[in-house]
Amino acid sequence: MGHPLWSGNTRVFVDTCSLMEEASGVFLEHHLVPLVMKHSTPFIVPSSVVGELNRLSSSKRASTAKAARNAKRVVQEALDQGAARIVGEAGDSFPDNLFQAVFTRYRLKYRLILISQDRSLVRDILELNNGASVDRIHGIDAYRLGRYGDPMKWSIDPTHDSGVKYRMPNRRDGFPSVQASRRRNGAAPPTRGPLPAPFARRTRASHLDEAVVRATTIPGEGDTVTDERGRPTRLVSKLGSGGEGVAYSTDRGHVCKVYHPGRLQRFAVEKLRLMTSREVRHPAICWPVSLAFNQAGEPVGYLMPRAEGRELKRSVFIKPLLLKSFPHWTRRQLVQLALSVLDAVRYLHSLNVLLGDINARNILVKSERSVFLVDCDSYQVEGFPCPVGMPPYLAPELHGRQLRSTLRTVEHERFAIATLVFMLLHPGKPPYSHQGGEDPSKNVRKQHFPYPLGEERRSEGVPGGAWRFMWSHLPYYMKEAFHRAFTDGDRLPTEEWIELLGRYDSDLRKGYVSDEAFPSGFKTLNREQAESQGLEWKSCSNCGTGFGAKQPHHTMCSDCAQKRFSKQKAQSSASSRTRSATQSPPRRPSQGQKQSSTRKQSQSNRPRATTPRNQRPPSPQPAQQQGALSAVMKFLNSLFS
Amino acid sequence: MANDLVLYTEDLIENPSPRVPVVLCLDTSGSMNGDPIRELAQGVAQFYASVFDDEIARYSAEIGIVTFGNAGVQRAADFGPVEQRPNVTLGAGGATPMGEAVCEALELLDERKRQYQEAGVDYYQPWLVLMTDGAPTDDIAAAVHRVGELVRRKKLSVFPIGIGAGADMGTLQQFSPGRTPLRLQGLAFGKFFEWLSASVQRVSASTPGEDVPLDVDGIKGWGSI
């Protein structure tokens with residue numbers, strides 16, 4: 001963007017909530033006022049903010065009134081100094097709309113800065129940095145007040161709840177005064193280290209020296225291993241064991257993986273040496289930090305950060321366990337979980353590392369924002385392949401291939417990522433699962449993705465259960481992305497999934513789409529939406545709620561129809577089960593029976609899972625709002641020209 | 001009763017885990033009377049318990065039981081969620097209609113596969129565990145043929161187990177083209193079922209194209225060839 005942060009071309013706006021902070025006076029005095037005075041650009045307090053402060057000063061709540069009076073006082077002081085000015089008039093529209101309008105209008109002319117504590121306002125304002133031609137924007141920044149009045153910089157971050165996060169500003173992007181106060185207060189260390197040098201990209205797998213690395217003793221519980229620097233680490237207790245080795249907790253907080261005798265091969269030691277040569281510090285990645293040696297100095301395993309939480313496969317992917325571990329989760333947490341995982345994946349990709357074996361047992365979930373990737377020693381790094389892969393995440397073209405000696409490509413990785421994202425949003429259900437399917441590997445190779453997409457792609461063989469409701473509630477752009485990946489073979493890059501999920505998160509936050517984790521029915525249209533699609537609005541014969549009839553003979557809403565359908569299925573299964581063992585079983589109806597024939601039998605017809613063309617609910621702009629805005633704009637224009 | 005049906009169907013459609021259906025085909029003929037049948041029943045209960053204990057197996061493994069001997073061929077337990085451990089009472093008596101029992105077990109598996117397919121539930125190829133302490137008293141030719149076909153087409157895995165000295169290993173070998181039948185050491189049902197539940201867990205971790213890597217060392221602990 002080219003412009004220095006502070007210059008004659010900068011305009012700073014301060015919001016009510018920031019002024020209401022207890023330390024607002026400190027902030028103004030130490031940080032903002034010196035800067036604006038230096039550049040002769042008084043910061044702007046909209047008159048509607050003043051109006052709000054006036055109102056809040058006479059609030060019944062003592063603390064609010066006190067904060068508002070304090071805010072007014074500091075504003076007055078700044079005005080007296082010439083460090084601030086009030087802009088606008090009484091009767092101006094609500095400050096949030098005003099900031100939006102003003103920032104949109106002036107982003108091409110000035111460097112704009114908003115001081116606010118309000119996450120959603122900040123997010124909307126920072127999003128104005130996109131749209132319009134990016135090189136003509138002078139740049140919009142936002143800050144909030146920290147507890148002691150220090151400014152903290154906001155930035156967009158899709159992995160966060162609100163879409164934005166804040167941090168201490170660094171030397172380049174903030175207030176010069178911050179460095180001094182940081183030295184006073186002491187800054188917290190960053191949780192993420194600087195990005196290490198990426199690994200080299202290889203197209204062919206290295207020759208792997210499979211000679212076994214013999215160790216005279218294999219350490220166990222209570223024994224001590226040393227790391228590459230010779231530091232002793234005691235193995236405290238056994239955490240678990242697998243095919244390759246045993247994992248122990250240590251007295252230094254790390255986890256130590258000790259290979260079973262005969263399972264550690266030379267190439268694996270080389271690979272670990274390569275991996276530990278880079279300091280990969282990401283809170284979600286349990287990257288090997290050092291080889292571990294026994295008392296004789298022989299390599300026996302490696303040390304890594306400790307993971308927390310439960311495997312996806314033992315929590316999120318099994319409904320009763322999901323409800324037990326995370327009872328309050330809604331769709332938002334599922335989306336955020338996906339973003340947390342993808343953030344770590346993207347990080348690894350930026351180092352030219354491919355995970356290879358992305359699966360539900362290698363990802364531990366502590367919360368939707370705290371995940372841990374484990375079994376990192378199996379990642380593909382330079383010429384060292386990832387020797388394992390599991391259906392349903394394994395790309396179809398890799399099935400049957402010798403994974404130990406094949407380097408994967410990013411295309412293979414993208415298949416796994418698409419599968420993982422689908423399974424997170426339909427907890428545990430693989431995308432290629434369908435009626436008439438078999439084991440996960442065969443399903444993937446068959447490449448039948450059974451979910452519908454608008455009118456163009458009907459559903460065929462979609463599995464029974466809530467999965468198709470979950471699908472129906474997805475925004476159109478998500479469904480489209482899944483079809484691209486699973487029907488067209490056009491596998492999306494990680495960044496695109498991150499963008500789409502960020503958008504989904506935002507739509508969930510705004511209430512445009514259903515937030516239920518386990519919806520019990522198809523996405524329902526309201527009357528206006530239904531009739532605008534030519535559906536007849538009826539009253540359900542079972543429960544009485546209004547619904548849009550997709551077929552003229554439908555008499556029940558989709559929820560009731562669905563319940564009737566499952567009940568009938570249960571009854572027909574029961575009658576075939578209570579046969580005595582000696583009779584030969586009656587031939588069940590043909591395997592190829594699709595849902596349509598069931599529909600003929602039952603009075604309640606199960607509605608098809610089609611997606612309404614109109615995804616967004618109408619959001620009308622009240623006429624008065626428009627009028628007030630334009631009045632404010634006119635006035636502000638006169639001030640800024 | 002109605003509740004069970006709803007739970008039954010709901011489990012099929014709500015639980016997305018790929019299933020591993022295991023049918024135990026158990027000899028309950030007269031010769032099993034006394035300690036053998038008691039130990040066997042205990043072993044089966046332990047099997048359910050250890051499958052239940054592992055979260056992944058709990059939602060993947062499905063257990064069905066067909067007995068032969070007491071009251072002919074009986075479906076002692078139908079496939080369903082492991083949580084609803086059926087109260088399996090095994091009584092000994094009668095002859096050994098093994099052929100009929102194996103056919104019945106295959107029917108049971110077939111039905112379950114059809115239910116998986118209708119519901120759109122993923123499943124791995126089923127396992128047939130055949131346990132007997134003697135020789136069959138009916139014609140096993142049809143059963144052997146069917147089993148052979150399925151094993152050849154990789155649609156079935158068979159684990160034939162002989163109980164005690166009187167077990168006819170030759171018959172068991174007929175049912176097991178690819179795998180040598182094992183003779184149980186004494187009445188070490190517990191250990192066998194422990195091994196079986198561990199193997200069930202491994203199935204979902206296998207990479208495509210590979211055979212299920214069963215822990216043969218584990219078997220040596222309880223069986224002898």
Side-chain angles (χ1 to χ4, degrees), chain A residues 243 310-311 313-315 317-321 361 388-392 394 398-401 403 423 426-430 432-445 450 461-467 518 566-567 569-571 573-574 576-577 579-582 584-585 588 591 593, chain B residues 1-2 4-10 12-20 54-56 58-60 66-68 71-76 78-80 83 100-101 103-104 107-108 110-111 113-125 155 202-210 213 215:
Chain A
R310 321 200 75 222
E311 292 171 32
K313 190 132 173 108
R314 289 177 197 265
S315 56
F317 283 6
I318 296 177
K319 185 175 174 183
L321 299 181
R361 302 205 63 183
V388 282
M390 264 182 59
L394 198 62
L398 282 177
H399 288 225
R401 294 263 293 270
L403 298 174
M423 287 178 74
H426 306 76
K429 194 68 174 173
Y432 285 112
S433 243
H434 61 281
Q435 285 187 323
E438 278 185 80
D439 65 73
S441 165
K442 289 217 182 68
N443 288 347
V444 165
R445 280 176 286 157
V462 75
W467 319 108
F518 295 98
S566 343
K567 213 160 133 195
K569 271 204 104 75
Q571 283 166 357
S573 309
S576 63
R577 273 196 310 146
R579 278 178 291 102
S580 107
T582 48
S584 65
R588 285 185 70 87
Q591 219 168 355
Q593 173 184 35
Chain B
M1 190 57 188
D4 285 348
L5 298 178
V6 175
L7 275 172
Y8 178 77
T9 321
E10 271 178 16
L12 259 188
I13 59 181
E14 277 201 352
N15 174 0
S17 310
R19 306 295 205 275
V20 183
D54 176 71
E55 278 146 349
I56 295 180
R58 186 195 307 172
Y59 294 98
S60 286
V66 170
T67 58
F68 52 102
V73 171
Q74 290 280 303
R75 284 196 183 184
D78 222 331
F79 285 112
E83 271 148 313
E100 195 188 327
C103 286
E104 185 61 24
E107 269 309 313
L108 191 63
D110 255 355
E111 274 167 39
K113 272 212 286 210
R114 276 192 291 261
Q115 285 168 349
Y116 294 150
Q117 292 186 335
E118 259 179 44
V121 166
D122 296 357
Y123 64 94
Y124 290 95
Q125 290 312 329
K155 299 262 178 208
R202 280 205 192 86
V203 172
S204 30
S206 67
T207 39
E210 275 182 27
D215 178 13

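Scope of the values below: all heavy atoms of this structure, side chains included, with no hydrogens, waters or symmetry mates. Proteins come first, then strands; the chains are lettered A, B, ... in the order of their sequence lines, and each starts at number 1.
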Considering all heavy atoms, the nearest Pro427(A)-Pro16(B) contact: O-CG, 3.5 Å
Measure across Pro18(B) and Pro440(A) and return the closest heavy-atom pair with its distance rounded to 0.1 Å. CB-CG, 4.0 Å
Side chain to side chain contact (heavy atoms under 4.5 Å, CB included) with Asp439(A): which residues, sequence neighbours excluded? Ser441(A), Lys442(A), Tyr124(B)
Short N-O contact, Glu55(B) and Arg310(A), less than 4.0 angstrom: yes
Using side chain to side chain donor-acceptor pair (under 3.5 Å) as the criterion, list what pairs up with Thr67(B), not counting sequence neighbours. none
Please answer whether the main-chain N or O of Glu118(B) pairs with a side-chain N or O of Gln435(A) as donor and acceptor at a distance below 3.5 Å. yes
Applying a strict 4.5 Å limit to non-hydrogen atoms, the region of Tyr116(B) in contact with chain A is neither
Any non-hydrogen side-chain atom of Pro430(A) less than 4.5 Å from a side-chain atom of Asp122(B)? yes
If you measure only the distance, is there a donor-acceptor pair under 3.5 Å linking the side chains of Gln125(B) and Glu438(A)? yes
Arg314(A) vs Ile56(B), side chain to side chain contact (heavy atoms under 4.5 Å, CB included): CA-CA, chis, key distance, verdict: CA-CA 6 Å; Arg314(A) 289 177 197 265; Ile56(B) 295 180; 3.8 Å; yes
For Ser17(B) and Ile318(A) the tightest heavy-atom approach is OG-CG1, 4.0 Å
Which bit of Lys319(A) is near chain B, if near means a heavy-atom gap under 4.5 Å: side chain, backbone, both or neither? side chain
So which residue, Phe317(A), Tyr432(A), Trp467(A), ends up with the most heavy-atom pairs under 4.5 Å with chain B? Trp467(A)
For the residue pair Tyr123(B) and Gly437(A), what are the closest heavy atoms and their distance? CE2-O, 3.5 Å
